[in-house]
Amino acid sequence: MTHPKLERLWYVLHTKSRHENVVNEGLLRKSVEVYLPQITVPSKRRDRKKTIRVPLFPGYVFVRTDLNPYEHVEILKTTGAVKLIGNKKGPIPIADQTIASLK
């Protein structure tokens, strides 16, 4: 029995609060293609003003995968990862054009 080639698509991965960078680094170490859009915002400290980079979508990162069972489990086992966003049928892919427009 042959399986059709699984297509690599972008999915949204929900993360624990303020764990976006931890998940991003963990997935990069596992050689998973990941995208974390960030923006620069001014931050007011007690003694100085500073600009910091924060996630554009707090609590979410984008992952490109073909959802083979091994890779799916490895993504979810990453420290700080919660679940892939979807419905009862499973994770819902994001269009490549959407990710390209964010980049």
Side-chain angles (χ1 to χ4, degrees):
M1 183 165 103
T2 61
H3 295 283
K5 182 170 176 3
L6 298 172
E7 187 177 357
R8 297 185 70 77
L9 300 171
W10 287 101
Y11 296 91
V12 179
L13 177 64
H14 181 79
T15 66
K16 290 182 180 178
S17 179
R18 297 179 183 251
H19 279 71
E20 299 89 355
N21 289 320
V22 173
V23 172
N24 187 41
E25 293 299 319
L27 290 173
L28 287 174
R29 275 191 302 252
K30 294 179 180 183
S31 300
V32 175
E33 189 175 354
V34 62
Y35 177 56
L36 174 59
Q38 295 182 326
I39 56 173
T40 304
V41 296
S43 174
K44 198 173 177 184
R45 307 289 178 170
R46 285 185 175 185
D47 58 342
R48 67 191 183 283
K49 291 183 180 178
K50 187 177 178 182
T51 58
I52 58 173
R53 293 184 55 79
V54 297
L56 182 60
F57 304 107
Y60 300 97
V61 296
F62 297 96
V63 179
R64 187 178 184 117
T65 181
D66 57 7
L67 286 184
N68 70 60
Y70 175 76
E71 193 171 63
H72 190 172
V73 169
E74 285 301 313
I75 290 169
L76 295 178
K77 282 181 12 183
T78 304
T79 302
V82 177
K83 66 178 179 177
L84 289 169
I85 302 299
N87 57 20
K88 290 180 183 179
K89 296 179 184 177
I92 298 175
I94 304 296
D96 288 339
Q97 297 85 359
T98 304
I99 301 300
S101 70
L102 288 173
K103 289 184 177 181

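One-based numbering along the sequence shown.
Here Asp66 contributes atom CG and Glu7 contributes atom CD; the two are 10.0 Å apart, rounded to the nearest 0.5 Å. Rounding to the nearest 0.5 Å gives a distance of 8.5 Å between CZ of Arg48 and OG of Ser43.
For Lys50, the NZ atom counts as loosely surrounded, since its 6.0 Å shell holds 12 or fewer non-hydrogen atoms of other residues, nucleotides or ligands.
Residues in residues 12-26 take part in these side-chain hydrogen bond (donor to acceptor under 3.5 Å, both in side chains) pairs, two or more places apart or across chains: Asn21-Gln38.
Partners of Lys89 according to the side chain to side chain contact (heavy atoms under 4.5 Å, CB included) rule, which considers only residues two or more places apart in sequence or in another chain, are Asn87. Residues satisfying the side-chain hydrogen bond (donor to acceptor under 3.5 Å, both in side chains) criterion with Lys77, sequence neighbours excluded, are Glu74.
In this structure, Asp96 pairs ionically with Arg64, as a charged nitrogen and a carboxylate oxygen lie closer than 4.0 Å.
Cluster note: Tyr11 groups with Leu9, Leu13, Val23, Leu27, Leu28, Val32, Val34, Leu36, Val61, Val63, Leu67, Ile75, Leu76, Leu84 through ILVMFWY side-chain heavy atoms spaced under 4.5 Å, whether in direct contact or through intervening members. In this structure, Val12 shares a hydrophobic cluster with Trp10, Tyr35, Ile39, Val41, Ile52, Val54, Leu56, Phe57, Tyr60, Phe62, Ile85, Ile94, Ile99, Leu102, the cluster being traced through Ile, Leu, Val, Met, Phe, Trp and Tyr side chains under 4.5 angstrom apart. Hydrophobic cluster of Val22: no remaining members, since no ILVMFWY side chain lies below 4.5 Å from it.
Shown here for Pro93 and Pro91, the closest heavy-atom pair between the two residues is CD-O, 3.8 Å.
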